[in-house]
Amino acid sequence: MQYNPEEIHVTPMDMGGSAMSVIGLSKSFGDTPVLENINFGVDEDEIVVLLGASGSGKTTILRIIAGLEMPDSGHVVLHGRDVTESPARQRGTGVIFQNYALFPKMTVEANIGYGLRLRRRKRNEIRETVDRLVELVELQDHRTKYPSQLSGGQQQRVAIARAMAYEPEVLLFDEPFGALDAQIRQSLRKEIRALLKKLNVPSVFITHDQEEAFELADRLAVLNAGRLEQMGTPFEVYTRPETEHVATFLGAANLLDGTIRDGKFEHQDVVLELSPDNPKCREGDKVKLVFRPEDVFLRRPENLTQQYHQLATGTVDEVGFAGSYERVTVTLDLGKHKPIVVTRPKTETAAFPLRVGQSVTAGLVRYRVIKAA
Amino acid sequence: MRGFDLAKPLSIGVMIAIMLPLVLLPLASIFIFGTSNGLDNFWKALMAPEAIFALKLSIVTSFWATVFNVIFGLFAAYVLSKYNFWGRNAIIVTISLPTAIPTAVAGFALLLLWGPYGLLGRLIEPHGVHIMFTAWAIILANIFVTFPLAFGVIKPVFDTMNQSLEEASATMGATRWQTFWHVTLPGLRGAIVTGALLTFARAIGEFGSTILVSGNLASRTQTAPLYIFAKFNEGQVEAANAIAIVLALFSFVIFSILFFARDWLEVD
């Protein structure tokens with residue numbers, strides 16, 4: 001397999017710096033493409049989260065890195081070594097499966113030591129490593145138990161310890177929190193992030209849960225229908241989405257179609273200046289305005305101050321209580337248009353209570369345009 | 001009595017009353033008649049050289065048939081669970097077929113293949129290789145009639161086995177063989193033991209096919225069930241009875257193991 005450097009978005013130099021990288025991965029199942037030209041790298045102590053809905057191809061990427069699936073084209077490089085053609089057992093990856101896949105007939109200790117036994121390490125070396133890992137994941141009291149005798153969280157810790165025992169080149173997590181209660185999930189995410197930061201292993205997580213992605217990731221990659229749509233820190237991806245899918249998949253977003261006129265966004269009477277960090281647009285380009293529900297401010301029509309970018313007037317459709325904030329939908333006076341969603345903090349709702357049917361003016365604190373597909 | 005439910009003792013009683021003439025009394029009569037002339041006579045009948053030979057022959061031939069069918073069943077289950085290919089279902093049906101065929105037909109079929117005038121027998125007999133009317137014939141008959149038993153127990157366990165266990169083992173550095181040995185096989189332990197016990201229990205009692213292929217020669221090719229039949233025909237009921245007790249106890253022990261060790265065997 002050859003790759004043409006011009007076809008890929010990452011230069012070979014970048015690849016050299018990454019502990020793990022995939023270059024130009026593509027794969028189809030029959031006639032259905034599941035991955036199209038996927039490129040990304042993970043640094044030595046970095047946590048990258050692949051975020052996507054089911055069917056986005058994230059699981060296939062993970063399986064290709066682990067060697068459980070073959071790409072139609074592209075490469076997997078681990079610490080400078082092209083392992084694309086190597087079988088799973090020669091890659092030295094550590095995989096934490098969704099259901100943990102602990103060996104049911106082995107104790108916790110035996111599960112953790114399995115990779116070292118396969119590598120024919122000396123018995124006392126295995127014992128020392130197992131001791132160290134059992135302590136690290138705090139399973140001292142459970143080391144002679146079988147997986148069926150452990151709780152979900154404990155099983156997950158065994159799975160992580162087991163994958164770390166043989167010092168893998170990369171840790172791969174396949175939706176590792178899927179099988180756990182919502183409450184445990186959150187505390188485990190923090191624990192695991194702290195643990196990985198201590199270990200200095202490049203890690204790849206896959207998930208469909210954006211909250212999880214935000215909490216775990218140093219960088220996240222958003223996948224949609226087999227394509228990597230955007231990659232960056234959670235802050236970058238959330239505040240500067242580049243596609244409609246990224247904007248709506250990561251948190252809620254309001255969208256408004258428009259056109260570029262004189263370098264500004266235009267939709268009927270709405271005209272908004274664009275800051276330089278917006279994507280380069282040409283005169284007449286069809287674009288979409290993206291703004292988050294928390295970036296909209298509602299005022300009485302006569303009251304909107306200059307510090308907000310005026311959007312339009314409208315009527316309140318619904319006022320809903322959502323715990324720590326209030327969720328309001330407003331139909332703007334822009335002809336036929338989907339109502340926009342606005343979230344308002346308690347301080348705001350107390351100062352300016354809203355009722356259904358009320359006329360308001362909507363102003364924006366922050367917004368972006370993306371190119372219409 | 002408050003809360004007394006007459007249905008409980010009544011239904012248990014009816015159940016036992018039905019079982020009594022059909023199962024319990026026939027079994028009881030073996031023991032009653034077998035020991036009616038005293039334990040001394042029972043012991044003497046059991047220790048007769050012909051009887052001992054018949055029991056040993058049954059155990060040995062059943063053992064080898066069991067070994068073969070468990071290994072083959074494991075292998076076939078592995079192949080049929082792992083790979084999808086044209087004719088796969090036809091093979092599954094064929095493996096299961098021998099249980100549905102009358103044992104006499106099975107014996108007859110073996111004769112037509114390996115007998116002096118059989119398809120293959122005709123080719124090997126001139127070279128002095130005899131299969132029919134030897135212990136080999138008994139093993140072949142046992143293999144045939146118990147063929148699907150071990151496979152039938154192992155295959156479903158294979159099918160439900162979590163595939164990610166094998167994948168996990170591979171990513172940790174195991175070869176296929178190491179994965180099979182350390183991960184797959186331990187998961188099949190219960191199914192293998194269960195399949196072996198069922199096969200053995202079925203083989204040791206085999207009569208219909210054995211009587212056709214073995215030649216039924218006392219102290220040479222006479223298995224325990226054939227011995228019972230022969231002695232009964234000769235009017236030596238006591239001799240027949242002694243072996244019958246041993247065979248009945250065998251089955252009792254095997255099925256007790258299957259029942260009481262079912263947690264360990266992981267069969268439900």
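Reminder, nothing fancy here: chain letters follow the sequence lines and each chain counts from 1.
No side-chain heavy atom of A:F97 sits less than 4.5 Å from a side-chain heavy atom of B:L165. At least one side-chain heavy atom of A:R89 sits less than 4.5 Å from a side-chain heavy atom of B:T175.
Interface remark: A:L102 contributes backbone atoms only to the contact with chain B (heavy atom separation under 4.5 Å). Heavy atoms of A:D174 lying under 4.5 Å from chain B are absent altogether.
The side chain to side chain donor-acceptor pair (under 3.5 Å) check on A:T129 picks up nothing, with sequence neighbours excluded.
Other residues, nucleotides and ligands contribute more than 12 heavy atoms inside 6.0 Å of the CD atom of A:E125. When the shell of 6.0 Å around NZ of A:K197 is examined, it contains more than 12 heavy atoms from other residues, nucleotides or ligands. Within 6.0 Å of CZ on A:F29 lie more than 12 heavy atoms contributed by other residues, nucleotides or ligands. When the shell of 6.0 Å around CZ of A:R81 is examined, it contains more than 12 heavy atoms from other residues, nucleotides or ligands. With a 6.0 Å radius and a threshold of 12 heavy atoms from other residues, nucleotides or ligands, A:E167 has its CD atom at or below the threshold.
Considering CZ of A:R117 and CE of B:M172, their distance stands at 8.5 Å, rounded to 0.5 Å. Between the NE2 atom in B:H182 and the NZ atom in A:K105 there is a gap of 15.5 Å [rounded to 0.5 Å].
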**Item:** Test log, rule side chain to side chain donor-acceptor pair (under 3.5 Å), inputs A:Y114 and B:S169
**Value:** CA-CA 8 Å; A:Y114 183 65; B:S169 177; 2.8 Å; yes

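Comparing A:R162, A:Q98, A:R91 by heavy-atom pairs within less than 4.5 Å of chain B, the highest count is held by A:R162. Counting heavy-atom pairs under 4.5 Å between each of B:T179, B:V183, B:N162 and chain A puts B:V183 at the top.
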